[in-house]
There are 2 protein chains.
Amino acid sequence: MTPPEPFRALEHIQSLPSWLVGRVAARGRSLVAEAIAGEGLKLPHHAVLAAVFEYGPVAQADLVRRLSIDAKDLVGFLNHLEGAGLLVREPDPRDRRKNAVTVTTKGTRTLRRCAELGERANEELLSPLDAAERQALIALLTKLHQVPSPDADHAQPDAARQED
Amino acid sequence: MTPPEPFRALEHIQSLPSWLVGRVAARGRSLVAEAIAGEGLKLPHHAVLAAVFEYGPVAQADLVRRLSIDAKDLVGFLNHLEGAGLLVREPDPRDRRKNAVTVTTKGTRTLRRCAELGERANEELLSPLDAAERQALIALLTKLHQVPSPDADHAQPDAARQED
DNA sequence: GGGTAATCGTTGGACATCCCCACGAATCTC
DNA sequence: GAGATTCGTGGGGATGTCCAACGATTACCC
């Protein structure tokens, strides 16, 4: 496993698993991105809209914590999504500092279409694999993913940085 | 495989393979990045230096094509690498438009250390897996990676975008 | 040969992402 | 009630990716 003697530096880099996953991830990213582009959403907008849907009427600070995204960027995403009529910001009567963010019915419909589109993009990503291989891949990736920090004392959830 | 009826939008997104690979890739990326940071290199610099080493005296335009990176960005990387004494830009006598870029012996030594460091970072990334699982993962990822475009007519090589 | 097209390295700038800081308003703590 | 904290929102900077254009040089083609 040490670098072979006719030293091929680039070849070596590109044989590393870290490089391989990176390439596959980039392809998956762009596939999903162009799949949902027709709905007028980019990946972060999609993730935010999904989180708002899932966590009901939710304050922006909660979204920041759950998605581990920047508060400033969230404002921009919400502005866009609200402008498109996919969600609404209302003042929270129980705490007038907060906004209660809720998905509209139009937003819900968009979300359902995006779920279908994302599914299909993943279908294409995994098309070279048969059912058993797909299952094996998911199992291996899951194993790698849910052990991010060996010191599991106060591990940050760090949920959805790259969104899809 | 269609979205389940108690519709969990975020959960659904985060169950997609595209999301899983993305998270694992992000972790691999940062592991390798901090591994080689001690050598004063970031991921793109490392990839460029490796490519220059592998392709001997090479013109910058060739590096642009082989690595699929932007020409402007390459200039910056080369400036940094040349400033650190890891490579040299010389005018190509046979085509005075081109630069002949070559790795110095110092650059070669750095590259060997980085190969070792990258290896170790990948060791840590794959630590939850045993030998058989690692082999299986690499095989699956390779299968996904080398079929980027179904229309293999004039497929772009598109070599090393995210470098490691 | 000579004029046009293409390529070389380089620069400028658009755009998105991520990080830290600061502000006015509202709420919580004691 | 007074001070600390949280809320949403903006400013500004550091990167990373990508496209457009330029002067210099070379290749093409009639």
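All chains are named by letter (A, B, ...) in the order of the sequence lines, taking the proteins before the strands, and each is independently numbered beginning at 1.
- Distance NZ (B:K72) to P (D:dG16): 14 Å, rounded to an integer number of Å.
- Residue contacts shown for A:D70 include a base, since a base heavy atom lies under 4.0 Å away.
- Nearest approach of A:E54 to B:R8, heavy atoms of both residues: OE1-C, 3.4 Å.
- Base contact: A:D73 has a heavy atom under 4.0 Å from a base atom.
- Considering only side-chain N and O atoms, A:R65 lies under 4.0 angstrom from the phosphate OP1 or OP2 of D:dC7.
- Among the heavy atoms of the strands lying under 4.0 Å from A:N99 are primed sugar atoms or P, OP1, OP2 only; no base atom is included.
- A donor-acceptor contact under 3.5 Å is not formed by the side chain of A:K98 with the base of D:dG8.
- Note: CZ (A:F77) to C1' (D:dG10) measures 16 Å, nearest angstrom.
- What separates CZ of A:R97 from P of D:dG8 is a distance of 9 Å, to the nearest Å.
- For the pair A:N99 (side chain) and A:V101 (backbone), a donor-acceptor distance under 3.5 Å is absent.
- Across the protein-nucleic acid pair, A:R96 atom CZ and D:dT5 atom P stand 22 Å apart, rounded to whole Å.
- Counting any heavy atom pair closer than 4.0 Å across all strands shown, A:A71 reaches a base atom.
- Between the side chains of B:Q14 and B:R23, no donor N or O sits under 3.5 Å from an acceptor N or O.
- Separating the CG atom of A:L78 from the P atom of D:dT9 is a distance of 8 Å, rounded to the nearest angstrom.
- Atom CG of B:L74 is separated from atom P of C:dT10 by 8 Å (rounded to the nearest Å).
- Heavy atoms of A:K42 sit under 4.0 angstrom from primed sugar atoms or phosphate atoms, though from no base atom.
- As rounded to whole Å, 13 Å separates atom C1' of D:dC7 from atom CG of A:L63.
- Taking atom CG of residue B:N79 and atom C1' of nucleotide C:dG9, one finds them 11 Å apart after rounding to whole Å.
- Taking 4.0 Å as the cut-off between side-chain N and carboxylate O, B:E39 and B:R112 do not count as a salt-bridged pair.
- The pair B:E124-B:R120 fails the salt-bridge criterion, with no side-chain N (NZ, NE, NH1 or NH2) lying under 4.0 Å from an Asp/Glu carboxylate O.
- Between A:Q60 and D:dT9 there is a side-chain N or O to OP1 or OP2 distance below 4.0 Å.
- Nucleic acid contact for A:R89: sugar-phosphate only, since backbone atoms but no base atoms lie under 4.0 Å from a heavy atom of the residue.
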